[in-house]
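Take this structure first; my questions come after.
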Amino acid sequence: MNKTIILLLLVSLLGCSGMSKQEDQLTHSTSDLKIDVKKYTLSNGLRLLVVENPQLPIYSYYTFFDVGGRYESKGTTGATHFLEHMMFKGAKKYGPHKFDTFIESNGGSTNAYTTFDSTVYYENLPSHTLETMIDMEADRLSYVLLEPKAFEKERAVVLEERKYRYENSPKGQLFLAMMQSVFKGTPYGGSVIGDAQDVKNLQIPEMRKFFDQFYTPDNAIVVIVGDVKADEVYKMVKDKYGDLKASNGLAEFKKKMDSEERYSHRARYKQEVKLYGKSPIPIFTIAYKGKKIGEKDAYVMDILSSIFGDGSSSYFYQKYVRGKKPILSRINVANYTLRNNGVFFFTGELLPNTNLTKFKRKALRDIRRSCDDAITDRTVQKTKNQYLISYYSQLQSNSGIASFVGLRENFYNDYSFYEKELEIYQSITADQVKEVCHQLFDDNEYIFLSVWDKHKAGKK
């Protein structure tokens, strides 16, 4: 694997000229990537992935749940994220503080994250703790305490987190406004933390119902990577998780909730959104319709976003930040793919004394022209090489491997989907990138958002 990374670095540095042999080696080396995963499925539907890596006496333990903000409704927004917090507050066998105390006393670490599409918990610990950790994770999957005092304390923590991420953060304020505008009327049109009023009103019975519906073994994937024996892990997981009951009607519910019409773009484009915020210099986002995860055009848009705004050598960074007459202090371009839709967006910050209205006109014009100016065989190949370096760098730790295979099992029901991904990225040509670029920008279907303390409060 290290040889592959070195090769990729060399190819990237050499550029496109005089590199046919390196490109051929690159194609062969990427197709040779194989991660030795042992997969098991319990009778209750729980999926277990194990990767043996005996180099160090440690392991990473990931649990993926197919539940996120997309399954919430008005009145319960933020429930998934709130529940993630409560999952650390005690279960049936291991009560309050037992979980964190065990991990900390063994020199380990634990955390979790919630997105619109998933909730993921993870731990990193010495190998001798594995059996107890499996018991603890099975315990909190079987029952979460939701003790009233802890519930109210965590409600306050979540509300403070929302203020920190959105109300008191111009960047967060801008991102939230983008999601609300682009995904208006869809399950993605808000924040994972939820509406503040919903978080204030959420009660324990509603949280219990949410837990019972989605925290089931057939809605979970356990991934364990490190100094472990796969057969032994399977026996322990079967012993601890095997008696947990599968869901009742969850598959039908998810099929209904993930119907295509619920996520179709309904936004009004060619519009401008002005937000008052604590930013003395305008911060902007220009958003366009994206694609959902797994679509061929979504992979092409990954390449396109990197050519445009990934790093100091990218097209728009050179044009707007490093140019002869710089107008921005920073710019980034992202292709945000979700399970059922996506958004492609530019974001950055103007330099002092740069006129926002003039910049908007220039940026929209330059974006449309960029399809022919920025995309060449050389920039596409260079970007693919850089992307592959990043792709492989994820596999340098137990935690990275666990996240890598778990995400693909979660989204594609196939941990080895990376093999197809690599083939797709390798097959992308400059002509394909140009075609998708023109499809994305030629109709000028944008939403331009900005945050500035010169905007009128409440104006939109």
**Asked** Taking everything shown except Lys296 itself, do over 12 heavy atoms lie less than 6.0 Å from its NZ?
**Response** yes
**Message:** The criterion is salt bridge (Lys or Arg N to Asp or Glu O under 4.0 Å); which residues satisfy it with Lys98, sequence neighbours excluded?
**Reply:** none
**Request:** Applying side-chain contact (heavy atoms from CB on, under 4.5 Å), name anything that partners Thr129, two or more places apart in sequence or on another chain.
**Result:** Tyr59, Phe102, Asn106, Leu125, Pro126
**Prompt:** What residues form a ring pair (Phe, Tyr, Trp, His ring centres under 6.0 Å) with Phe448, not counting sequence neighbours?
**Reply:** none
**Complete:** Correct closest heavy-atom pair for Thr110 and Phe88 would be OG1-CE2, 3.5 Å
**Item:** Asp195: partners by side-chain contact (heavy atoms from CB on, under 4.5 Å), with sequence neighbours left out
**Value:** Thr77, Gln197, Asp198
**Complete:** Taken in chain and number order and not counting sequence neighbours, the residues that satisfy side-chain contact (heavy atoms from CB on, under 4.5 Å) with Ser399 are Ser60, Tyr62, Asn124, Ser397
**Request:** Just jot down the ring pair (Phe, Tyr, Trp, His ring centres under 6.0 Å) partners of Phe417, sequence neighbours excluded, or say none.
**Result:** Tyr412
**Message:** Please identify which of these residues, Asp212, Asn219, Asp218, meets the side chain to side chain donor-acceptor pair (under 3.5 Å) condition with Thr216.
**Reply:** Asp218
**Message:** Tell me if the CD atom of Gln55 is crowded by more than 12 foreign heavy atoms within 6.0 Å.
**Reply:** no
**Item:** ring pair (Phe, Tyr, Trp, His ring centres under 6.0 Å) involving Tyr387 - partner list, sequence neighbours excluded
**Value:** Tyr425
**Request:** Evaluate the side-chain proximity of Arg339 to Tyr188: yes if any heavy-atom separation is below 4.5 Å, no if none is.
**Result:** yes
**Request:** Could I get the full list of salt bridge (Lys or Arg N to Asp or Glu O under 4.0 Å) partners for Lys93, not counting sequence neighbours?
**Result:** Asp135
**Request:** Sorted by first residue and then second, give each salt bridge (charged side-chain N to carboxylate O under 4.0 Å, His left out) pair with at least one member in residues 220-238; sequence neighbours left out.
**Result:** none
List, one per line, each side-chain donor-acceptor pair under 3.5 Å for residues 153-160, sequence neighbours excluded.
from	atom 1	to	atom 2	distance (Å)
Glu154	OE1	Lys89	NZ	3.4
Glu154	OE2	His85	ND1	2.9
Arg155	NE	Glu152	OE1	3.0
Arg155	NH1	Val199	O	2.7
Arg155	NH1	Lys200	O	2.9
Arg155	NH1	Leu202	O	2.8
Arg155	NH2	Glu152	OE2	2.9
Arg155	NH2	Leu202	O	3.0

**Item:** ring pair (Phe, Tyr, Trp, His ring centres under 6.0 Å) against Phe316, all qualifying residues, sequence neighbours excluded
**Value:** Phe308, Tyr320, Phe346
**Fill in**
Residue set satisfying side-chain contact (heavy atoms from CB on, under 4.5 Å) with Gln271, at least two apart, ordered chain then number -> Arg268, Val273, Ile447
